Amino acid sequence: MGQEKVRARRETVGRHALIRGDAVNVMRRMETSSVDIVVTSPPYNIGVAYRTYKDSLAEQDYIGWMRGVCTQIARVLKPDGSFFLNIAGSSSQPWLPFELITRLRDLFVLQNHIVWIKSVSIDEKTYGHFKPVNSSRFVNHNHEHVFHLTHEGDIRVQRLAAGVPFTDKTNINRRRHAVDRRCRGNTWFIPYETVRHRREKFLHPGTFPVALPAACMTLHGYHEESVILDPFMGTGTSLVAAQELGVKGIGIDIDTRYVAVARRRLRSVLDGGIDEEQESQADEGP
Ligand SMILES: C[S@@+](CC[C@H](N)C(=O)[O-])C[C@H]1O[C@@H](n2cnc3c(N)ncnc32)[C@H](O)[C@@H]1O
C-alpha cells in the first residue's frame with residue numbers, strides 16, 4: 001500500500017484538486033491545519049482485488065501503515081475539523097477495525113461511532129443490497145463502520161441538518177422542536193444504487209455511495225470555503241459529494257485509472273449532468 005516511489009501528479013477540475021500519488025507522501029507536503037473535513041475509505045486489508053497493490057498485508061503491518069496515514073491526517077486537519085474513517089472487517093479479520101481504532105487513541109478522540117447499514121430486513125421485507133458471504137459459519141456483512149474522529153472530542157455537529165423529519169408530527173410541539181427535524185442517530189441506512197449490468201460499474205471493487213460522504217460533511221457542517229480531503233479517493237465519490245454540496249475537494253489516489261474515473265465523474269457533474277456512474281458493490285438485493 002505504501003508506494004513510496006510514485007511521483008505525484010496534480011490536476012484541477014473545477015474547484016477540486018485530483019492528485020495521483022501516495023497518500024502519505026502527498027499529505028506530507030500539505031500545509032498543517034489546512035483541511036476542514038477528511039472523509040475516506042482506505043484499503044481495508046481484506047484481500048480486495050485492487051489493480052496496483054495487494055490488499056493483504058500482515059495485520060500489524062497494515063495497522064502500522066494506517067497509523068502513518070492517520071498521523072498525517074491529524075496534522076493537516078484543522079483544530080475544529082472532523083475525520084470520518086469508513087472501514088469494515090471481514091469474516092477472516094473481524095478484529096481489524098477495532099484493533100485499528102484503538103491504535104489511533106493518541107492521535108484522535110472517537111467522538112461518534114456511526115454504523116453504515118447497507119441492507120436491513122424488517123419483518124419479512126429486505127431493504128438495500130449486500131455482497132453475500134457463502135458460508136455455514138458466518139452471516140452476511142450488511143454494515144460498515146464510520147468512525148468520527150476529532151482532535152478534542154468537542155466539535156459541535158449539525159444534528160438537525162444531518163437529521164430526518166419526525167414520523168409522528170405531534171412530537172414537534174411535544175418535544176419543543178422549532179422545526180420538523182430530529183437527529184437521525186448513529187445508524188445510517190444508506191443503500192447502494194441498484195446496478196444490474198457489469199458495464200454500469202466502473203471497475204473499482206470498493207466504492208461508497210455519494211450519500212455517505214455527503215452525510216458526513218453535513219453532520220460536521222460546511223460552507224463554500226470548506227476544504228474536504230479524501231486521501232484514498234478511488235473513483236472520486238467524496239469529490240462528487242463535495243461538488244454537490246458546493247465545497248472544495250482534494251482527492252488523492254495511487255491508481256491512475258481510478259483518478260481518470262474520478263476526473264470523468266467530476267466533469268460530468270460539473271457540466272450539469274448527473275453522476276451516472278454511481279457504483280454499487282452490491283451483488284444481492286431484497
Ligand atoms: C476503498 S478504495 C476507496 C474508494 C472510494 N471511496 C470510492 O468511492 O471510489 C481505496 C482506494 O485507495 C487507493 N490506494 C491504495 N493505496 C494507496 C496509497 N498508498 N495512496 C493513495 N491511494 C491508495 C486505491 O487505489 C483505492 O482506490
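Atoms within a ligand are numbered from 1 in the order they appear, just like the ligands themselves. These numbers were taken from a predicted model, which means no experiment stands behind them.
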Discussion item. So is Ser238 touching ligand 1 or not, going by heavy atoms under 4.0 Å?
Written reply: no
Worksheet item: Any idea which atoms of ligand 1 are less than 4.0 Å away from a heavy-atom of Ala23?
Response: 18 (C), 20 (N), 21 (C)
Fill in: Shortest non-hydrogen contact between Pro191 and Gly128, atoms and distance
CB-CA, 3.9 Å
Item to complete: Give the C-alpha distance, both sets of side-chain angles, the deciding distance and a yes or no for salt bridge (charged side-chain N to carboxylate O under 4.0 Å, His left out) between Glu225 and Arg15.
Response: CA-CA 10 Å; Glu225 290 310 312; Arg15 300 171 76 214; 3.5 Å; yes
Worksheet entry | Under 3.5 Å: N/O of Ser41 near N/O of ligand 1 | no
Practice prompt. For Gly21, counting its heavy atoms only, list the atoms of ligand 1 lying under 4.0 Å from any of them.
Written response: 20 (N), 21 (C)
Worksheet entry | Contacting atoms of ligand 1, where contact means under 4.0 angstrom from a heavy atom of Asp22 | 18 (C), 19 (N), 20 (N)
Worksheet item: Which of the atoms in ligand 1, numbered in the order shown and given with their element, are less than 4.0 Å from a heavy-atom of Tyr258?
Response: 25 (O), 27 (O)
Item to complete: Check Pro231 against ligand 1 and report side chain, backbone, both or neither, counting heavy atoms closer than 4.0 Å.
Response: backbone
Worksheet item: N/O of Pro42 under 3.5 Å from N/O of ligand 1, yes or no?
Response: no
Worksheet entry | Residue Met233 vicinity, atoms of ligand 1 by number, heavy atom under 4.0 Å | 5 (C), 7 (C), 9 (O)
Worksheet item: Does Gln93 reach the main-chain N or O of Asn45 with its side chain, forming a donor-acceptor pair under 3.5 Å?
Response: yes
Fill in: Nitrogen or oxygen of Pro43 less than 3.5 angstrom from that of ligand 1
no
Item to complete: Could you tell me whether Lys169 and Asp180 make a salt bridge, using a distance below 4.0 angstrom between a side-chain N and a carboxylate O?
Response: yes
Worksheet item: With the threshold set at 4.0 Å, does a side-chain nitrogen-carboxylate oxygen contact exist between Asp106 and Arg67?
Response: yes
Discussion item. side-chain contact (heavy atoms from CB on, under 4.5 Å) for Phe84 and Leu212? Distances and angles first, verdict last.
Written reply: CA-CA 10 Å; Phe84 295 90; Leu212 185 76; over 6 Å; no
Item to complete: Determine yes or no for a side-chain-to-main-chain donor-acceptor pair under 3.5 angstrom, with Asp22 supplying the side chain and Val24 the backbone.
Response: yes
Item to complete: Show your working on ring pair (Phe, Tyr, Trp, His ring centres under 6.0 Å) between His145 and Phe98 and close with a plain yes or no.
Response: CA-CA 10 Å; His145 307 277; Phe98 309 104; 5.1 Å; yes
Worksheet entry | Heavy-atom donor-acceptor pair, Ser226 side chain to Val247 backbone, under 3.5 Å | no
Item to complete: Return yes or no for this condition: an N or O of Thr235 is under 3.5 Å from an N or O of ligand 1.
Response: yes
Worksheet item: So, does Ala262 sit close enough to ligand 1 that a heavy atom of it is under 4.0 Å from the ligand?
Response: no
Discussion item. Distance under 4.0 Å to a non-hydrogen atom of Thr237: what atoms of ligand 1 satisfy this?
Written reply: 7 (C), 8 (O), 9 (O)
